[in-house]
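Okay, so here's the structure we're looking at.
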Amino acid sequence: MKITVKLFAGFRNDRFKVDDLEFPENATVADVLGALKINEPELGVAMINGRHVAKDQVLKGGETLSLFPKVGGG
Amino acid sequence: MNKIYRVNMKDLTCKIEEVPAAWAGLGGRGLTSTIVAAEVPPTCHPLGPNNKLVFAPGLLAGTAASQSGRMSAGAKSPLTGTIKESNAGGTSAQSFAKLGIKAMIIEGQPAEGKLYELHVNNDGVTFHDASALKGKQNFDVVDAMNAKYSPKIGVVTIGVPGEERMKAANISVKDPDQKLRSHGRGGLGAVMGSKGVKVITIDDSAGSKVEIADPEKFRAAAKVFAKAMLDHPVTGEGLPIYGTTVLINIINEAGGLPTKNFRYGTCEHHDKVSGETLHDVIAGRGGSTKHGCHPGCIIQCSQVYVDENKEYITSGFEYETIWGLGINCMIEDLDDCARIDNAMDNIGIDSIEGAVILGTAMEAGMIPWGDGKECLRVMNEEIGKATPFGRILGNGTKSVGDAYGLTRVAVVKGQAIPAYDPRTIKGIGVTYAMSTMGADHTAGYAIATNILQVGGHVDPLKKDGQVELSRNLCIATAAVDSTGMCIFVAFPALDIAECLPSLIDMINARYGINLSGDDVTELGKTIMKTEKAFNDAAGFSKADDRLPEFFEYEPLPPHNLVWDFTGEELDEFWNF
């Protein structure tokens with residue numbers, strides 16, 4: 001299934017800004033992190049279609065998954 | 001810090017007073033709000049003789065504690081009519097600490113039209129005719145004071161909007177690089193102008209190191225505290241590399257980035273003005289991606305933005321300003337945004353209020369959407385020169401809305417709503433509504449928990465838990481604002497167990513006292529209740545603790561939510 005993955009801040013280094021990637025059925029957010037060689041503790045926020053999700057969230061295919069390291073400001 | 005400088009602008013005198021026992025344990029916002037509440041009649045005109053402008057460094061100012069160099073300014077705000085505290089970096093807090101000044105209270109008013117320089121040193125304050133500076137903007141004032149004294153002189157200044165008592169005028173403070181930091185919000189520059197004070201110069205050369213009651217304990221605690229700053233990914237990595245503007249993309253993804261004057265929650269061109277882009281532009285041009293607003297800052301979230309020829313354009317170019325110009329006004333060119341930011345520094349306009357003013361003027365059809373060049377002209381030639389149109393704008397977002405008959409006017413208690421839409425980030429909406437100072441994200445930064453998942457997670461799209469979240473953050477922030485610490489210490493404090501105890505240990509070691517965590521929470525509560533009592537006596541009521549009505553009937557795409565808290569739900573905020 002196809003997932004549009006958007007990466008931000010330091011996650012873009014040596015990777016990409018946005019890409020359509022193929023994953024097996026029932027892949028989770030954690031599986032995407034693994035495929036991108038992002039250590040799970042580095043994850044700050046994961047969002048699917050603009051809503052926060054946990055790392056064990058199962059993907060259905062066709063979503064936009066946005067991944068952020070721990071960032072802040074204000 | 002054992003002296004109060006009481007400056008009377010009517011008879012041009014300065015009395016040096018001892019610190020009353022009741023004020024001894026207070027600093028920063030805790031002290032400015034206590035003094036304003038005790039000495040300013042709540043119903044007074046903010047620009048009249050009975051208002052007072054108070055400066056107070058935080059409890060840890062002048063020590064080796066990292067992040068401790070913020071100065072608080074307080075008064076009754078002409079913009080909101082409420083009590084106000086606004087803190088800034090720069091060098092003034094550490095200079096006051098070296099001189100032993102716990103607070104400087106400026107009261108009274110001189111004969112009409114007279115402008116003065118207040119020169120502060122170890123002996124008190126002297127008064128100098130500043131009529132030659134009339135009509136000068138901030139960078140010229142800094143140059144003039146550097147030439148008069150030396151580049152080491154501390155400078156606190158207002159531009160023309162402050163002189164002309166416009167409600168969006170800020171107070172600017174010289175930073176370690178001869179540029180400016182701002183007591184931005186609430187129009188305190190107008191209060192300074194109403195006192196006839198064009199500039200305050202600070203000579204700390206006869207000052208001394210601040211005394212530490214238990215130096216060994218202080219050193220140990222300061223080390224733990226600094227380590228927490230460097231270890232936390234937000235303060236140790238994210239902020240120094242990308243600055244606060246890293247938020248553009250995450251708030252956009254969350255659907256809470258107010259776009260085209262709060263019409264939409266996402267913006268198509270967001271990445272043109274994102275933190276990632278800002279970093280790449282600065283690094284590519286040879287500017288500086290890291291910069292501290294005050295000596296002793298180890299987070300270094302600020303930066304120096306240069307043009308293609310490496311010429312300085314601006315510094316301290318923050319998320320809220322870039323959001324306000326780049327997204328809310330639809331100005332896609334980062335260089336244009338930077339030049340407007342620099343113009344706001346120069347003329348002395350709050351860069352949050354200023355950006356929302358421009359967006360509201362666009363709403364009114366007075367400036368084309370996205371026209372950065374016209375915005376720069378309006379800043380310099382209209383607001384900066386106090387033309388009739390400039391005065392409508394310079395008096396704030398609400399003033400623009402009133403003048404042009406608008407309903408989509410993003411203010412609470414007259415102060416512009418900053419860079420997070422309350423319809424989809426509901427915790428921050430509670431803070432905007434309930435803050436004692438009008439819409440202010442820093443009063444209780446629910447973004448941390450709603451969006452960034454620092455200190456847990458409360459779903460931003462739902463009402464559940466938001467009032468409690470905002471209340472707890474507001475109480476904690478009131479306490480942190482009293483230490484003189486940068487608000488970003490909250491990120492490690494929310495996640496790293498040793499951080500907050502080490503901050504309290506530093507205060508205890510500095511003063512030889514024994515505060516507990518509970519005492520600090522109580523201090524936060526007391527400060528908030530003191531501020532609310534002032535507002536109540538000034539005529540504010542529950543009806544003022546509400547968001548503008550348009551948020552209730554205009555759903556915000558993409559989540560298509562409205563602001564749906566009842567008054568009773570919001571009023572629970574004060575149940576502590």
Side-chain angles (χ1 to χ4, degrees), chain A residues 1-21 23 27-74, chain B residues 232-239 241-256 265-266 271 274-276 279-280 299 301 318-320 322-323 418-420 424 428 441-442 445-448 450-454 457-461 487-488 490-492 494-495 557-559:
Chain A
M1 62 182 180
K2 192 187 83 176
I3 304 292
T4 301
V5 179
K6 291 164 90 173
L7 300 179
F8 297 93
F11 283 177
R12 288 180 176 178
N13 296 342
D14 301 321
R15 296 194 187 90
F16 53 86
K17 268 192 193 181
V18 55
D19 205 354
D20 291 335
L21 301 178
F23 290 93
T28 63
V29 171
D31 294 333
V32 176
L33 292 172
L36 295 171
K37 295 189 167 53
I38 294 171
N39 293 324
E40 284 189 30
E42 288 177 36
L43 179 72
V45 171
M47 287 187 221
I48 292 178
N49 299 338
R51 288 170 188 265
H52 289 71
V53 292
K55 277 182 278 205
D56 59 2
Q57 175 76 36
V58 177
L59 301 163
K60 292 183 200 149
E63 300 103 319
T64 297
L65 173 65
S66 304
L67 299 172
F68 298 83
K70 290 174 178 164
V71 294
Chain B
H232 195 274
V234 171
T235 43
E237 243 179 80
L239 281 170
I241 296 174
Y242 299 105
T244 55
T245 314
V246 76
L247 290 176
I248 290 274
N249 282 339
I250 194 166
I251 303 299
N252 184 71
E253 287 302 307
T266 56
D271 212 22
S274 70
E276 290 88 334
H279 171 271
D280 292 349
I299 298 177
C301 74
E318 303 300 339
Y319 167 64
E320 276 73 21
I322 293 177
W323 155 76
Y420 318 87
T424 46
I428 201 72
H441 61 296
T442 68
Y445 193 61
I447 304 305
N450 276 178
I451 300 292
L452 307 171
Q453 304 196 139
V454 174
H457 182 60
V458 174
D459 187 343
L461 303 173
I487 193 65
F488 291 156
F491 288 113
L494 285 165
D495 277 343
H559 295 296

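Values below: all heavy atoms of this structure, side chains included; hydrogens, waters and symmetry mates excluded. In what follows, chains carry the letters A, B, and so on, assigned in the order in which the sequence lines appear, proteins first and then strands, with residues in each chain numbered from 1.
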Side chain, backbone, both or neither: which part of [X] has a heavy atom under 4.5 Å from chain A?
X      : result
B/E320 : side chain
B/P558 : neither
B/H279 : neither
B/N450 : backbone
B/I251 : neither

Report summary line: Those residues of residues 29-44 of chain A that come under 4.5 Å of chain B on a heavy-atom basis, listed by number, are A/G44

**Report entry** Residues of residues 14-21 of chain A contacting chain B, heavy-atom criterion under 4.5 Å, by residue number
**Finding:**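 Those residues of residues 14-21 of chain A which have a heavy atom under 4.5 Å from chain B are A/K17.
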
Query raised in the report: Sub-3.5 Å donor-acceptor pair from the side chain of B/Y242 to the main-chain atoms of A/V71, do we have one?
Result: no

**Report entry** Test item: B/E276 side-chain N/O and A/A9 main-chain N/O as donor-acceptor pair under 3.5 Å
**Finding:**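 Checked: pair present.
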
Who wins among [options] for the most heavy-atom pairs under 4.5 Å with chain A?
options                        : answer
B/T442, B/L247, B/L239         : B/L247
B/L461, B/I487, B/V454         : B/L461
B/T424, B/T245, B/D271, B/T266 : B/D271

Can you measure from [atom1] ([X]) to [atom2] ([Y]) and round to the nearest 0.5 angstrom?
X     : Y      : atom1 : atom2 : answer
A/F68 : B/I250 : CZ    : CD1   : 4.5 Å
A/N13 : B/I241 : CG    : CD1   : 8.0 Å
A/K70 : B/H232 : NZ    : NE2   : 7.0 Å

Report task. Using a cut-off of 6.0 Å, state whether more than 12 heavy atoms not belonging to A/K60 lie near its atom NZ. Result -> no

Query - Neighbour count above 12 (heavy atom, 6.0 Å) for B/E237 CD - result: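 12 or below, so no.
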
Query - Heavy-atom pair count under 4.5 Å with chain B, highest-scoring of A/H52, A/R12, A/M47 - result: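 The residue among A/H52, A/R12, A/M47 with the greatest pair count is A/H52.
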
